[in-house]
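Report on the following structure.
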Amino acid sequence: MGQGLWRVARNQQFQQGYAEHTYIATDNGRRIIDNDNLNYRRQLQGGMDICRLLKVRNAKDQQGFINLEMLPPELSLTILSYLNATDLCLASCVWQDLANDEILWQGLCKSTWGHCSIYNKRHPLGFSFRDLYMRLDEGSLTFNANPHWGIEYFISRGILDDSAKEIAKFIFCTRTLNWKNLRLYLDRRRDVLDELVTLHNFSNQFLPNALRDFFRHIHAPEERGEYLETLITKFSNRFCACNPALARDLGLSPDAVYVLCYSLILLSIDLASPHVKNKMSKREFIRNTRRAAQNISEDFVGHLYDNIYLVGHVAV
């Protein structure tokens, strides 16, 4: 509505200027339009309008700019808590005291690296979570270049204790580590792998969903081999340990879960690969799986097929 009224007013101004100033007299008494004068006035008026709009906009921007130091500290910290580390460093150029608050940097550290041994220790004088964030970031970059150097970096600076359990907790709660280097590290440190498996809780989870959760933290190798067999064996034992009642009711043993996991992986590849033209049917999957695991009911195996068909690959 307001925009329409503004256009009406502008048209009236142009019509008035057109009527008063855009005609010139000729020798025979007729008047013709002075186009040069009209275009000049329109350009001049348009430039004035643009300048006026820019001034109003800048005034509104300055008027609506919020000074966080004028707000209650709790509200200011809440606003800054939505920033990442880079933006928070930039904000410290304007609000140094607020942006360098230890609560903000502690939250950034724990949201990125969920577990570190140093969190539960008494901090020395001069300790800063901002400096800790920089060391954690540097250590993660070192890990992504060489996993063993990265873990040594964390241990040498007191960020992690030199124990398989603490390293496993750190890996389990961190999402910035390169999964390929992580796979190489776990393949060599089987003690850390054992502790990492025990951190998973598969209680009341459907088998394909539990397998997806497992491979989300411990990435499966690209090719079948001894490491993949080790992962599936450890997962099978852990799944049965977390679901004793389900294993008893369905007749699931670690060996049966091992067979089902391989069947699910092969089915995922069969259904997801564009190179496989003749996809495995539900009837074929049930028949092939029950040949290897005869104690498993046909309905349960059918539900496994439906999950892979609807949800997708278990190892992505």
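- Closest approach of Leu228 to Pro221, counting heavy atoms only: CB-CG, 3.7 Å.
- For residues 231-260, the pairs satisfying side-chain hydrogen bond (donor to acceptor under 3.5 Å, both in side chains) are Asp194-Lys234, with sequence neighbours left out.
- Taking the ring pair (Phe, Tyr, Trp, His ring centres under 6.0 Å) definition, one finds that Phe239 meets it with Phe235, sequence neighbours left out.
- Taking all atoms of both residues into account, the shortest heavy-atom contact from Gly312 to Ser268 is O-OG, 4.4 Å.
- Considering only residues two or more places apart in sequence or on other chains, Lys282 meets the side chain to side chain donor-acceptor pair (under 3.5 Å) condition with Asp306.
- Qualifying side chain to side chain donor-acceptor pair (under 3.5 Å) partners for Ser117, counting only residues two or more places apart in sequence or in other chains: Glu166.
- A donor-acceptor pair under 3.5 Å is formed between the side chain of Ser111 and the backbone N or O of Leu108.
- There is a path of hydrophobic side-chain contacts, each under 4.5 Å, that joins Ile155 to Phe127.
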Side-chain donor-acceptor contacts of residues 129-139 below 3.5 Å, not counting sequence neighbours, with atom names and distances?
{"residue": "Arg130", "atom": "NH1", "partner": "Asn100", "partner atom": "OD1", "Å": "2.4"}
{"residue": "Glu138", "atom": "OE1", "partner": "Tyr153", "partner atom": "OH", "Å": "3.1"}

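- Rounding to the nearest 0.5 Å places CG of Asp187 at 11.0 Å from CG of Leu182.
- With a 4.5 Å cut-off on side-chain heavy atoms, Leu177 and Asn181 do not count as touching.
- At a threshold of 4.5 Å between side-chain heavy atoms, the hydrophobic network of Ile, Leu, Val, Met, Phe, Trp and Tyr places Leu304 and Leu266 in two separate groups.
- Summarising the geometry of His219 relative to Trp179, their closest heavy-atom pair is CD2-CB, 3.0 Å, with the distance given to 0.1 Å.
- Side-chain atoms of Tyr262 do not come within 3.5 Å of backbone N or O of Ile232 as any donor-acceptor pair.
- A continuous path of Ile, Leu, Val, Met, Phe, Trp and Tyr side chains, each step under 4.5 Å between heavy atoms, connects Ile269 with Val301, placing both in one hydrophobic cluster.
- By the neighbour-count criterion of 12 heavy atoms within 6.0 Å, atom NZ of Lys279 is densely surrounded, having more than that number from other residues, nucleotides or ligands.
- Not a single salt bridge (charged side-chain N to carboxylate O under 4.0 Å, His left out) links Asp162 to another residue, sequence neighbours left out.
- Between Ala164 and Asp191 the shortest heavy-atom distance is CB-OD2, 3.7 Å.
- Using a 4.5 Å heavy-atom cutoff, the side chains of Leu231 and Leu186 are not in contact.
- Residue-environment remark: OH (Tyr309) stays at or below the threshold of 12 foreign heavy atoms within 6.0 Å.
- Evaluation of the ring pair (Phe, Tyr, Trp, His ring centres under 6.0 Å) rule for Trp149 yields no partner, not counting sequence neighbours.
- A distance of 4.5 Å separates CD1 in Ile296 from CG in Leu252, rounded to the nearest 0.5 Å.
- Listed by first and then second residue, the salt bridge (charged side-chain N to carboxylate O under 4.0 Å, His left out) pairs that reach into residues 263-275 come to none, sequence neighbours excluded.
- In the hydrophobic cluster analysis, where Ile, Leu, Val, Met, Phe, Trp and Tyr join through side-chain heavy atoms closer than 4.5 angstrom, Phe214 is grouped apart from Val259.
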Distance-only criterion, 3.5 Å: show the donor-acceptor pairs between side-chain atoms of residues 204-211 and protein atoms not counting sequence neighbours.
{"residue": "Gln205", "atom": "NE2", "partner": "Asn201", "partner atom": "O", "Å": "3.3"}
{"residue": "Asn209", "atom": "OD1", "partner": "Arg212", "partner atom": "NH1", "Å": "2.9"}

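- Side-chain contact between Ile171 and Tyr185 is present, with at least one heavy-atom pair separated by less than 4.5 Å.
- Not counting sequence neighbours, Lys165 has no partner by the salt bridge (charged side-chain N to carboxylate O under 4.0 Å, His left out) test.
- Asn144 contributes a side-chain N or O that, together with a main-chain N or O of Ser140, makes up a donor-acceptor pair within less than 3.5 Å.
- Looking at every heavy atom in both residues, Pro254 comes nearest to Cys240 through N-SG, 3.6 Å.
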In sequence, state the C-alpha distance, the side-chain angles, and the governing distance for Thr230 and Arg190, and then conclude on side chain to side chain contact (heavy atoms under 4.5 Å, CB included).
CA-CA 10 Å; Thr230 301; Arg190 296 299 175 91; 3.6 Å; yes

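- Atom-to-atom distance recorded for Arg290:CZ and Ser297:OG is 7.5 Å, nearest 0.5 angstrom.
- Side chain of Tyr305 to main chain of Leu267: no donor-acceptor pair is present (N/O by atom type, distance under 3.5 Å, no hydrogens or angles).
- The hydrophobic cluster containing Ile218 does not contain Leu184, counting ILVMFWY residues as joined when their side-chain heavy atoms lie under 4.5 angstrom apart, directly or transitively.
- Each salt bridge (charged side-chain N to carboxylate O under 4.0 Å, His left out) pair with one or both residues in residues 147-161, not counting sequence neighbours, appears once here: Lys121-Asp161.
- Interatomic distance, CZ of Phe154 versus CH2 of Trp113, reported as 7.5 Å (0.5 Å rounding).
- Residues meeting the ring pair (Phe, Tyr, Trp, His ring centres under 6.0 Å) test with His217, sequence neighbours left out: Phe172, His200.
- Taken to the nearest 0.5 Å, the NE2 atom of His115 stands 9.0 Å off from the OG1 atom of Thr174.
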Determine, stepwise, if the pair Ile308 / Phe285 fulfils side chain to side chain contact (heavy atoms under 4.5 Å, CB included).
CA-CA 11 Å; Ile308 302 300; Phe285 177 75; over 6 Å; no

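- The CG atom of Leu193 sits 13.0 Å away from atom CZ of Arg183, with the distance rounded to the nearest 0.5 Å.
- Of all heavy-atom pairs between Phe215 and Val314, the closest is CD1-O, 3.6 Å.
- Looking only at side-chain heavy atoms (C-beta outward), Arg283 and Ile286 stay at 4.5 Å or farther from each other.
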